[in-house]
Visitor: 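Before we start, here is the structure in question, set down as structure tokens.
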Amino acid sequence: MRGGHKYIFVVGGVMSGVGKGVATSSIGRLLEEKGYPVNLMKVDPYLNVDAGTMNPTEHGEVFVLDSGLETDQDMGNYERFLNRTLGPENYMTSGMVYKAVIDRERNLGYGGKCVEAIPHVRDEIVERIVRAAEASRSAVSVIEIGGTVGDFQNAMFIEAARYLKLEHPEDVLFVMVAYLPVPKSIGEMKTRPAQHAMQMLSSYGVQADILIGRSELPLDARRKEKLAVSCNMRPEAVISAPDVDSIYDVPLNFEKDGLSDLLLKSLGLEAKGGEGHAAWKELAAKAHNGSRSVDIAIVGKYFDTGDFVLSDAYISVIEAIKFSSYAQGLKPSITWLNAKEFESGKLPLETLKKYGGVIVPGGFGETGIEGKLKVIEYVRREKIPYFGLCYGMQLMVVESARNVAGLKGAHTTEIDPATKYPVIAIMESQKKNVAEQNYGGTMRLGAYPCALEKGSVASEAYEGASRISERHRHRYEVNPEFIPAIEKTGLVFSGKSPDGILMEIAELPRSVHPFFLGTQFHPEFLARPLSPHPLFSEFIRVASGGK
Ligand code: GLN
């Protein structure tokens, strides 16, 4: 292991879903602003080898890296806060770890030994963490351990972290993010659950160095002292993290309690005078100061288990809308419209007139598809700005084929394998995967180059660039056989793979429609608060009626 590299492990206490990912991202941001390059890592305790096979209603959005690895949505937050691309070594699941150990065992890689959780699984985890730290050439790694202390599933990761600290006591720090309830019937913030979480962590042999107290309200001096005494730390090491309207306020809130100095001091590091907080402060302020509102409707389908799940399923799309709006001094307002309700007629299409722009995001399968097609036809005819992301682009092509080219019953073979007009079809290389039910990690995934047509809406949005790189996650493509018929409808394929075979962007010229554009890739994965995505920015500009 490279000497001097520092490791901060972030663990959760009391309950999940209190913003451990944002806390980790914020720690990364703050340390970078103080001059220390940071490597952010996520550890997910589930047995899936990657996040790709999980339904978004189960686990939120699947975030895709440049490498094509399908990961947890926290990786999206990391990239957004760091304003940087992360590698596949920065993500780890139990499934990945166990698979590597078992594969090595099958190859006699353990030389005939009995293979056991300790030391073999633990060492595999430690090696992956150290490898990621080295690949990143950063000074500090911040590793978020998924789940909550006391879970059966994440215990091995905490054990690996403990072991790393045992070997390098000066270089490893533990931060607990614990929830402090303020029960309405009592009207007072209670520290006991957090104390218990810290005790639970101690029972693993780990003493947390810093406690981040997540609560509806800020922690007062009394709570901090109480926690400090019972958790064996100084009151300065208890950081207050109250609820915020915008997650981009979190780093600034942490600074109110001096978190970055505390982290540096605890790690024995000096502040080096990095870029400072100015850029982030400005961004955080913009999130509150939008003067005019821009109303965007997202027509999707991952609604079935309630609003919370829904916004999680499309988190990168939501954030992408925010960044482009903030940059233009706008206040975004996002409305969720269920595609199924357009299908049944429960929601009239005229509803769409209320919005400055409509997005159909990525998706899979049949649910709500005819509703989405109706929506696309309506916004095309009514000249309402439209942005189609992946499935939203494929359905744009299906709609034009059916309603403009007159190819009745045209479809994607994902839904209708027997259609007479398979305008969206599976790539030859994918047929085998589907036939063999080989679904995990086999889509067209990750960053691919795309050549842009000069003078198109897309190329202008990208400021005249002739070649871009964007991230993908799909199995189906525009069928080359039907390209001439589709182009006759007026739809222009303004972005293609450099060999000209795969259609990456479809659009109507500005003379025909103010903004009607779809991308086979997922632009939302590269939208960052400090560098909004050009296509989202152009869509928002038109949707807000701006110049
Ligand atoms: N279901 C489509 C495909 O597999 C689109 C995928 C997506 O929207 N991410 O190609």
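First listed ligand is number 1; within each ligand, the first listed atom is number 1. For the numbers below, each heavy atom of this structure counts, side chains included, while hydrogens, waters and symmetry mates do not.
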Visitor: Compute the shortest N/O to N/O distance between Gly363 and ligand 1 and return yes if it is under 3.5 Å, no if not.
Guide: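 It does: an N or O of Gly363 is found under 3.5 Å from an N or O of ligand 1.
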Visitor: Taking non-hydrogen atoms only, is Met443 closer than 4.0 angstrom to ligand 1 via side chain, backbone, both or neither?
Guide: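 No part of Met443 is near ligand 1 at this cut-off.
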Visitor: Which heavy atom of the protein is the closest neighbour of atom 7 (C) of ligand 1, given with residue, atom name and distance?
Guide: Cys390 SG, 3.1 Å
Visitor: Provide, to 0.1 Å, the distance between atom 9 (N) of ligand 1 and the closest protein heavy atom, together with that atom's residue and name.
Guide: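 Going atom by atom, the protein heavy atom closest to atom 9 (N) of ligand 1 ends up being Arg473 O, 2.9 Å.
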Visitor: Could you give the distance from CG (Asp295) to CD1 (Ile334), rounded to the nearest 0.5 Å?
Guide: 10.0 Å
Visitor: Taking distance alone, with N or O pairs closer than 3.5 Å, would you say Arg475 contacts ligand 1?
Guide: yes
Visitor: Hey, does Glu477 sit under 4.0 Å from ligand 1 if you only count heavy atoms?
Guide: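 Glu477: no contact with ligand 1 (<4.0 Å).
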Visitor: Hey, is ligand 1 close enough to Gln520 that some N/O pair sits below 3.5 Å?
Guide: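 No; every N/O pair is 3.5 Å or more apart.
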Visitor: State plainly whether the residues Arg380 and Glu399 are in salt-bridge range, i.e. N to O under 4.0 Å.
Guide: yes
Visitor: Going by the order shown, which atoms of ligand 1 are within less than 4.0 Å of some heavy atom of Gly362?
Guide: 8 (O)
Visitor: Quick one: look up the protein heavy atom nearest atom 10 (O) of ligand 1 and list residue, atom name and how far away it is.
Guide: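 Looking at atom 10 (O) of ligand 1, the protein heavy atom closest to it is Tyr476 N, 2.9 Å.
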Visitor: Using modelled atom types only, decide if a donor and an acceptor are shared between the side chain of Asn48 and the backbone of Gly95 within a distance under 3.5 Å.
Guide: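 Such a contact is absent between Asn48 side chain and Gly95 backbone.
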Visitor: Taking Lys383 for its side chain and Val512 for its backbone only, find out whether a donor-acceptor pair lies under 3.5 Å.
Guide: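 Side chain of Lys383 to backbone of Val512, a donor-acceptor pair under 3.5 Å: yes, one is there.
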Visitor: To the nearest 0.5 Å, what is the distance between CD (Glu144) and NZ (Lys20)?
Guide: 4.5 Å
Visitor: Do we get Arg444 above Tyr448's six-membered ring, with its NZ or CZ under 6.0 Å from the centre and within 45° of the axis?
Guide: yes
Visitor: What is the closest protein heavy atom to atom 2 (C) of ligand 1, and at what distance does it sit?
Guide: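 Looking only at protein heavy atoms, the one closest to atom 2 (C) of ligand 1 is Glu414 OE1, 3.2 Å.
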Visitor: Strictly distance-based, threshold 3.5 Å: is any side-chain N or O of Gln394 a donor or acceptor partner for the main-chain N or O of Tyr476?
Guide: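 Side chain of Gln394 to backbone of Tyr476: a pair is present.
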